[in-house]
Amino acid sequence: MDFIGSEICRQADQYRQTVKAGQSVISTTIKTCPKCAGTLHLKTGRYGKFYGCSGFPACRYTERFN
């Protein structure tokens, strides 16, 4: 039971850090970044949904969400 509680706390901390950064991960990995071969994640930003590279800030590749 302690493991489950600590895992939930770890995931909650990751979520809080993501929200503080101004973006939230909406879904799992969908695509591969053409610039750095990282993974693209569907995120929500100020102007709506978009795909962003997991290599951010080193790689700033983004793609529109259709």
Side-chain angles (χ1 to χ4, degrees):
M1 191 66 172
D2 290 331
F3 173 75
I4 294 171
S6 64
E7 181 65 18
I8 291 171
C9 288
R10 185 184 67 76
Q11 289 178 2
D13 288 339
Q14 283 181 334
Y15 176 77
R16 282 189 209 102
Q17 290 173 355
T18 302
V19 171
K20 284 181 185 176
Q23 299 173 348
S24 60
V25 176
I26 305 269
S27 67
T28 59
T29 302
I30 297 176
K31 299 179 177 188
T32 302
C33 177
K35 287 190 174 182
C36 73
T39 54
L40 296 180
H41 298 276
L42 184 60
K43 300 182 178 194
T44 300
R46 180 185 299 179
Y47 303 108
K49 295 178 184 178
F50 67 97
Y51 292 106
C53 183
S54 63
F56 181 83
C59 178
R60 294 182 166 266
Y61 180 81
T62 60
E63 209 174 276
R64 284 185 146 178
F65 175 75
N66 294 327

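Values below: all heavy atoms of this structure, side chains included; hydrogens, waters and symmetry mates excluded.
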Sequence neighbours left out, cut at 3.5 Å: what donor-acceptor pairs do the side chains of residues 57-64 make with other protein atoms?
{"residue": "Tyr61", "atom": "OH", "partner": "Glu63", "partner atom": "OE1", "Å": "2.7"}
{"residue": "Glu63", "atom": "OE2", "partner": "Lys31", "partner atom": "NZ", "Å": "2.7"}

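From Thr44, atom OG1 reaches atom CZ of Phe50 across 8.0 Å, with rounding to the nearest 0.5 Å.
Between the side chain of Thr39 and the backbone N or O of Ser54, no donor-acceptor pair lies under 3.5 Å.
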